[in-house]
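Reviewing the structure listed below.
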Amino acid sequence: MPQITLPDGTLRDYDEPVSPARIAADIGPGLAKAALGARINGVLTDLSTPIESDVELALITAKTREGTVDDEALFLLRHSCAHVMAEAIEELFPGTQLVYGPPVDNGFYYDIAFPDGSAVSSEDFARIEEVMKRIIKEDRTFTRYELPCSEGLEKLRAEGSKYKIDNAERAIEAGSDALSWYATGEPGTHWEDLCRGPHVPSTGKIGAFKLMSLASSYWHGDENSDRLTRVYGTAFADKKQLKQHLARLEEAQKRDHRILGRQLQLFTIDEQVGQGLILWKPAGAAVRQELQNFISEELTRQGYAQVFTPHIGKLDLYRTSGHYPYYQESQYTPIIDRETLGGLAAEGCSCSDLANRMDEGEIDGYLLKPMNCPHHIKIYASEQRSYRDLPVRLAEFGTVYRWEQSGEIGGMTRVRGFTQDDAHLFCREDQIAEEVQGCLHIVKLIFSTLGMSDYRVRVGLRDPDGAKYVGDPANWDRAEDACRTAAATLGVPFTEEPGEAAFYGPKIDFVVKDVIGREWQLGTIQVDYNLPERFGLEYIGADNQRHRPVMIHRAPFGSMERFIGVLIEHFAGAFPCWLAPEQVRVLPISEKSNEYAEELLAALLDRGLRATIDDGSDRIQGKVKVAADLKIPYLAVVGPRDAESRSVSVRAFGIDRNLGAVGFDEFVDDIARESNGRGETSLLTRFEETAS
RNA sequence: GCCACCGUAGCUCAGUGGUAGAGCACACCCUUGGUAAGGGUGAGGUCACGGGUUCAAGUCCCGUCGGUGGCUCCA
């Protein structure tokens, strides 16, 4: 006879099998009404799931006991809403086949195969939503029933949905001993879907929902397989939560680096220049230059040497490195000189011949470099190296070009030309651990200086079945071990992900999310035994023998483009003073104070600060508004009173009032100190009492 | 690359087959005003590009380019 332990420790005994729904009712009518599902021994279930033995039970309601939104409740609501949407779509679009409809972060989707010629469009959302509202209003019970596998498959085959048959077969393969369906109402009478559940008790529990967008997807994620239409929606327990969610999305959009990039004049992309090619405008270039200075100083401290290399290299270089054979699809096509090309044309050489002969090495051309490592390797190889010279650390802000698929390109986060804060360390095997530590130190320094704490660490390993990797498996094993060991010393949790390695070696990646929740890899550290081997790199050891160095590739920002794209969103465009494109704007109250304002501007510029003056004919209110829109950290308002007392009236971004006056020299000194110290000190401390 | 949606002034957007619009920005004039926009006047358009349907196309159809959201890919 089941004994039920509730989260607060209270016990309830029943002398027959019992459902969570009944237990909820026994506790109180309010809970019975609010309950959406249950957790039985930690497993999410329906409210109707029979309990036959002693269990720990938690009832799930829209809000937790602390009053926060319950994620599992949202999971149930959204999964259930996906069913309601599927029913509505099947009703409105006869002949559609359902594929797969799970809840996801922020909502749910359903992958649907529409019959030829009839696709859904977002203009159909309103009428789909109408049908969904009707189904929800009818408050039909989600009724679960099960069939043995063979019988269930029989039923699906009779219905003829290849996608559902496939789902069932996969479930059986994964060890299910029965197949389950959920009817939205009475089985046999109402709509139903093969589904493992769980669901909310009835459609009426879906408080608020909205269809969001359409996308296409591939069946099983395979681009050679069927193309499906993915309909995205979201659902919440009530209208208020939905409204808040939509407001949050709108808020997030304001932080979008593409929008801010235009508003703040940071960068532009011109279609005549090309997709995915960033034009850094003066303001964006200032931010980037500050970051490069920051990293350069640290490189010097850590014993790196900076180098410069060209943007192209001969194809043969990349045959040796393996980029050309292994990475060809992501490269711009090789550059072949006019004469060679003319000769080939005269011979009647076809495009496929040309490609083959380039692959074979019969024709050489130049490649726009997809990575910096081969050039740096050649710098290493240009001198004889002793074990005493190691590690050799070569750094370069190196620009690389990659042929990304057109549909993937967007903003600054996925581009076709970008500059890595790259470096390659050539070291002895016994130096790997220490060198990786040094790299991790830089990454951590960057994140902490910029106040970025919301990142995750991924150790990318090779996919055991993958064919895209170069090199000896034994080398791979050693390199993977080195990465694991290094990641473990970080003091942050990390995940190991097979298939995420580079083609030449495993890596430690730092991954952050953008405003719409997409993950981007920023910094990366890679241990590589393969390229030194392919290029025959050597050093002379203490034993007077030739040895092979190990290479570490590292880029703590990843690429300047992507990093700054993410950084714009991180700061919502309001850069701290040391990074801000314009650090101070001097605002004379009227022409009468222009001369004093010019003096202040000159003093600021003299200290290397990025400052401007707004001596236009606007009133001060207008000047302040314009400057605030540009998110300039400090405004120096000067009028006759300030000129009289040699002071500056300060206003800071985000603090919407005059902070008060400070002396001319103090102001300049404080800002310079704050800028040079990268935010370690703040002018605002002068106004502590009023600033907060 | 695939699917859906979108492309009108520098920017944000209105314009459902019949003479291209607004706000901001810009130029000029007035205003010299103490902390989130004082007032006036003016200039600014191959309605992404190319074809088609129509008496007539920003508007409807096809294609191309570009953007957005996903999918696939990703060093």
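All chains are named by letter (A, B, ...) in the order of the sequence lines, taking the proteins before the strands, and each is independently numbered beginning at 1.
The interatomic distance linking A/Ile409 (CD1) with B/G69 (C1') rounds to 16 Å, in whole Å. Between A/Arg416 atom CZ and B/G1 atom C1' there is a gap of 10 Å when expressed in whole angstrom units. A/Gln263 places its CD atom 14 Å from the P atom of B/A25, with the value rounded to the nearest Å. B/C24 atom C1' lies 13 Å from atom CG of A/Asp618, rounded to whole Å. Atom CG of A/Leu214 is separated from atom P of B/C2 by 18 Å (rounded to the nearest Å). When rounded to the nearest whole Å, the span between CG of A/Asp124 and P of B/C5 equals 9 Å. Rounded to whole Å, atom P of B/C74 lies 23 Å from atom OH of A/Tyr401. Here the P atom of nucleotide B/C73 and the CH2 atom of A/Trp520 are 15 Å apart, to the nearest Å.
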Dump every N/O contact between nucleotides 7-12 of chain B and the protein below 3.5 Å, one line per pair.
residue, atom, partner, partner atom, Å
B/U12, OP1, A/Arg262, NH1, 2.6

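Taking all atoms of both residues into account, the shortest heavy-atom contact from A/Glu569 to A/Arg255 is O-NH2, 2.8 Å. Heavy atoms only, all atoms of each residue included: A/Phe557 and A/Asp421 are closest at N-OD2, 2.9 Å. The minimum heavy-atom distance linking A/Gln331 with A/His323 is given by the pair OE1-O, 3.1 Å. Listed here is the closest heavy atom pair of A/Arg585 and A/Val626: NH1-CG1, 3.9 Å. The two residues A/Tyr634 and A/Ser682 have their closest heavy-atom pair at OH-OG, 3.7 Å. Listed here is the closest heavy atom pair of A/Gln526 and A/Ala502: OE1-CB, 4.0 Å.
Of the P atoms belonging to B/U54 and B/U59, the separation is 16 Å, rounded to the nearest Å. For B/G10 and B/C55, the C1' atoms lie 37 Å apart once the distance is rounded to whole Å. The same atom, C1', is picked in B/A37 and in B/C60; the two are 43 Å apart, to the nearest Å. Going from the C1' atom of B/G40 to that of B/G45 covers 25 Å, rounded to whole Å. Across B/C13 and B/C71, the matching C1' atoms stand 31 Å from one another, rounded to whole Å. Rounded to a whole angstrom, the distance from the P atom of B/A22 to that of B/A43 is 12 Å.
Using a 4.0 Å cut-off on heavy atoms, the residues of residues 584-596 of chain A that approach RNA chain B are A/Ile589, A/Ser590, A/Glu591, A/Lys592, listed by number. RNA chain B is contacted by A/Ser649, A/Arg651 of residues 646-654 of chain A, taking any non-hydrogen atom closer than 4.0 Å.
In this structure, the nucleotide among B/G33, B/A36, B/C2 sitting nearest to the side chain of A/Arg619 is B/G33. You'll find that the side chain of A/Ser617 is closest to B/U32, out of B/G69, B/U32, B/U35. Minimum atom distance to the side chain of A/Arg641 is reached by B/G34, of the listed B/A4, B/A36, B/G34.
A parallel orientation is assigned to the rings of A/Tyr326 and A/Phe503, their planes being inclined by less than 30° (bins at 30° and 60°). Between A/Tyr504 and A/His553, the ring-plane angle classifies as parallel under the 30° and 60° cut-offs. A parallel orientation is assigned to the rings of A/Tyr380 and A/Phe426, their planes being inclined by less than 30° (bins at 30° and 60°).
Counting any heavy atom pair closer than 4.0 Å across all strands shown, A/Ile259 reaches no nucleic acid atom. A/Val400 comes within contact range of no nucleotide atom at all, as no heavy-atom separation falls under 4.0 Å. At the heavy-atom level, A/Gln275 lies under 4.0 Å from the strands shown only through sugar-phosphate atoms. Note on A/Thr524: nothing from the nucleic acid sits closer than 4.0 angstrom, heavy atoms only. No engagement by A/Gly274 is indicated, since no non-hydrogen atom pair under 4.0 Å with the nucleic acid exists. Residue A/Asp222 is out of contact with every strand shown, counting any heavy-atom pair closer than 4.0 Å. Backbone-only engagement by A/Arg258 is indicated by non-hydrogen atom pairs under 4.0 Å involving sugar-phosphate atoms exclusively. Residue contacts for A/Tyr232: at a heavy-atom cut-off of 4.0 Å it reaches the sugar-phosphate backbone alone, with no base atom in range. Heavy atoms of A/Gln621 sit under 4.0 angstrom from primed sugar atoms or phosphate atoms, though from no base atom. Looking at heavy-atom distances under 4.0 Å, A/Gly221 makes contact with sugar-phosphate atoms alone, never a base. A/Ser216 comes within contact range of at least one nucleobase, with a heavy-atom separation under 4.0 Å. A/Ala501 comes within 4.0 angstrom of sugar-phosphate atoms only, judged by non-hydrogen atoms across all strands, and of no base. Nucleic acid contact for A/Lys507: sugar-phosphate only, since backbone atoms but no base atoms lie under 4.0 Å from a heavy atom of the residue. Here A/Arg518 lies in heavy-atom contact (under 4.0 Å) with sugar-phosphate atoms only.
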Which pairs would a plain distance check flag for residues 209-217 of chain A, meaning a side-chain donor or acceptor within less than 3.5 Å of a matching protein atom at least two apart in sequence or in another chain?
residue, atom, partner, partner atom, Å
A/Ser217, OG, A/Asp111, OD1, 3.1
A/Ser217, OG, A/Asp111, OD2, 3.4

Could you pull out every donor-acceptor pair under 3.5 Å between side chains of residues 260-268 of chain A and any protein atom, sequence neighbours left out?
residue, atom, partner, partner atom, Å
A/Gln265, OE1, A/Lys281, NZ, 3.2
A/Gln265, NE2, A/Arg262, O, 3.2

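In this structure, a donor-acceptor pair under 3.5 Å is present between the side chains of A/Lys369 and A/Thr309. Using modelled atom types and a 3.5 Å distance limit, the side chains of A/Asp166 and A/His220 yield a donor-acceptor pair. Judged purely by distance below 3.5 Å, without hydrogens or angles, the side chains of A/Arg478 and A/Asn475 pair a donor atom with an acceptor atom.
Toward the 5' end of RNA chain B, the nearer of the two residues A/Asp642 and A/Trp403, judged by each one's closest nucleotide, is A/Trp403. Along RNA chain B, the nucleotide closest to A/Gln405 and the one closest to A/Asp656 are compared, and the more 5′ of them pairs with A/Asp656.
Environment of OH in A/Tyr366: sparse, with no more than 12 heavy atoms of neighbouring residues, nucleotides or ligands closer than 6.0 Å. Other residues, nucleotides and ligands contribute only 12 or fewer heavy atoms inside 6.0 Å of the OH atom of A/Tyr100.
Ion pair A/Asp509/A/Lys507 flagged as a salt bridge, since at least one NZ, NE, NH1 or NH2 atom sits closer than 4.0 Å to an Asp/Glu carboxylate oxygen.
Both key distances under 3.5 Å define a Watson-Crick or G-U pair, and stretches of 3 or more such consecutive pairs in RNA chain B run B:1-7 with B:65-71, B:10-13 with B:21-24, B:26-30 with B:38-42, B:48-52 with B:60-64.
If you check distances only, the side chain of A/Arg414 does reach the base of B/C74 with a donor-acceptor pair under 3.5 Å. For a distance-only test at 3.5 Å, the side chain of A/Tyr218 qualifies as a donor-acceptor partner of the base of B/G1.
Under the salt bridge (charged side-chain N to carboxylate O under 4.0 Å, His left out) test applied with A/Arg458, the options A/Glu500, A/Glu496, A/Glu519 reduce to a single match, A/Glu500.
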